[in-house]
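Throughout, residue positions are numbered sequentially from 1 according to the sequence presented.
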Amino acid sequence: RLRHGFYCCDWEHYAALYDPAVPTPAGVFLYLGRYAPEKGLSDLLAAYRAYREQSANPWELHCVGTGPLKGLLAGQPGVRDLGFLQSDELPGVLRGAAALVLPSTYEPWGVAIQEAAAAGRVLVCSDACGAAVHLLQDRYNGYLFAAGDVPALAGCLEAVERLSAEERRAMGRASHELSRQFTPDRWAETMVRLMVDRVQP
């Protein structure tokens, strides 16, 4: 017997950033996660370099996190390492970003995906991200690529840059609606039902 809905972000905290009338701002890709090999950080940096070579006006890549691969970010053109941030600081970072990029090669879930979706951001995720199964529909609210495929990831970045303001707004709306599948309220309801089922004869 399976129960769903246990993984969720502080939905209202991030949903407060969403404004259906306003497109996500152009100019910034955002990475949220540990600076670790399984997060695909080296793939992201390689793809970002390839993307910059093809773009006449490349967007910046802002990275939030910490970990053993932190040194890879130093000196990379267009890359800003914002370091580790507390949860109450993340909405400010998301507010200035157009898209979340999570290129993990191993990611059972990925709560950052729902945080960004709730905020109405475009999503770019690898197919190794568990949350992408429920929260990302390719070309509807973002772009999905095969984990480890650097050229495909670079292509996704290019595709996001080419979106019009109206297309970003539509994708942001789709992300926000998909994020509603998993909330703390649903988690609590699932837990209560599970406990009731266990005590009933």
Original post:
Checking salt bridge (charged side-chain N to carboxylate O under 4.0 Å, His left out) for the pair E115/R121: CA distance, chi angles, key distance, verdict?
Top reply: CA-CA 9 Å; E115 292 169 346; R121 267 47 193 171; over 6 Å; no
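- Between A116 and L123 the shortest heavy-atom distance is CB-CD2, 3.9 Å.
- Among all heavy-atom pairs drawn from G40 and P103, the shortest one is O-CG, 3.4 Å.
- Counting all heavy atoms, side chain and backbone alike, D138 lies closest to Y143 at OD1-CA, 3.3 Å.
- Nearest heavy-atom pair across I113 and A131 is CD1-CB, 3.9 Å.
- Between the side chain of S104 and the main chain of C129, no donor-acceptor pair closer than 3.5 Å is present.
- When all heavy atoms are compared, the tightest approach of A119 to L17 is CB-CD1, 3.8 Å.
- With S55 as reference, E161 is the one residue of E158, E161, R162 to meet the side-chain hydrogen bond (donor to acceptor under 3.5 Å, both in side chains) rule.
- With E38 contributing its side chain and T105 its backbone, the two residues share no donor-acceptor pair below 3.5 Å.
- The line from SG of C63 to CG of L32 is 9.0 Å long, rounded to the nearest 0.5 Å.
- We find the CZ-CG distance between R180 and L178 to be 11.0 Å, quoted to the nearest 0.5 Å.
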What side-chain donor-acceptor pairs closer than 3.5 Å can you find for residues 64-79, not counting sequence neighbours?
from : atom 1 : to  : atom 2 : distance (Å)
K70  : NZ     : D81 : OD2    : 2.6
Q76  : OE1    : R49 : NH1    : 3.3
Q76  : NE2    : L72 : O      : 3.3

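- Atom CZ of R169 is separated from atom OG1 of T24 by 11.0 Å, given to the nearest 0.5 angstrom.
- Listed by first and then second residue, the ring pair (Phe, Tyr, Trp, His ring centres under 6.0 Å) pairs that reach into residues 36-83 are F29-Y51, F29-W59, Y48-Y51, sequence neighbours excluded.
- Using a 4.5 Å heavy-atom cutoff, the side chains of L45 and L61 are in contact.
- Screening residues 146-177 for ring pair (Phe, Tyr, Trp, His ring centres under 6.0 Å), with sequence neighbours left out, gives W11-H176, Y18-H176.
- Side chains of P23 and E166 form no contact here, defined as non-hydrogen atoms less than 4.5 Å apart.
- Annotation: side chain of P20 is not in contact with side chain of R173 (no heavy-atom distance under 4.5 Å).
- In the hydrophobic clustering of ILVMFWY residues, with side-chain heavy atoms under 4.5 Å counting as a link, Y35 and L85 come out together.
- At a threshold of 4.5 Å between side-chain heavy atoms, the hydrophobic network of Ile, Leu, Val, Met, Phe, Trp and Tyr places V28 and L90 in two separate groups.
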Original post:
Run the side chain to side chain contact (heavy atoms under 4.5 Å, CB included) check on Q181 and Q114 step by step: do they pass?
Top reply: CA-CA 10 Å; Q181 297 173 82; Q114 193 194 13; over 6 Å; no
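- One distance of note links CD of E60 with CZ of R52; it measures 8.5 Å at 0.5 Å rounding.
- Nearest heavy-atom pair, G142 versus V122, reported as atom, atom and distance to 0.1 Å: CA-CG1, 3.9 Å.
- A heavy-atom distance below 4.5 Å is not found between the side chains of L100 and V124.
- Considering only heavy atoms from C-beta on, S175 stays 4.5 Å or farther from Y140 through its side chain.
- To the nearest 0.5 Å, atoms CZ (R95) and CG (L30) are separated by 13.0 Å.
- Note on ring orientation: taking the six-membered ring where Trp is involved, the planes of H134 and F182 are perpendicular (angle over 60°, cut-offs 30° and 60°).
- In this structure, the side chains of F145 and D127 stay at 4.5 Å or more apart for every pair of heavy atoms.
- Rounded to the nearest 0.5 Å, atoms CD (Q137) and CG (L144) are 11.0 Å apart.
- No path of Ile, Leu, Val, Met, Phe, Trp and Tyr side chains, each step under 4.5 Å between heavy atoms, connects V93 with F84, placing them in separate hydrophobic clusters.
- Within a 6.0 Å radius of CG in D88, other residues, nucleotides and ligands contribute more than 12 heavy atoms.
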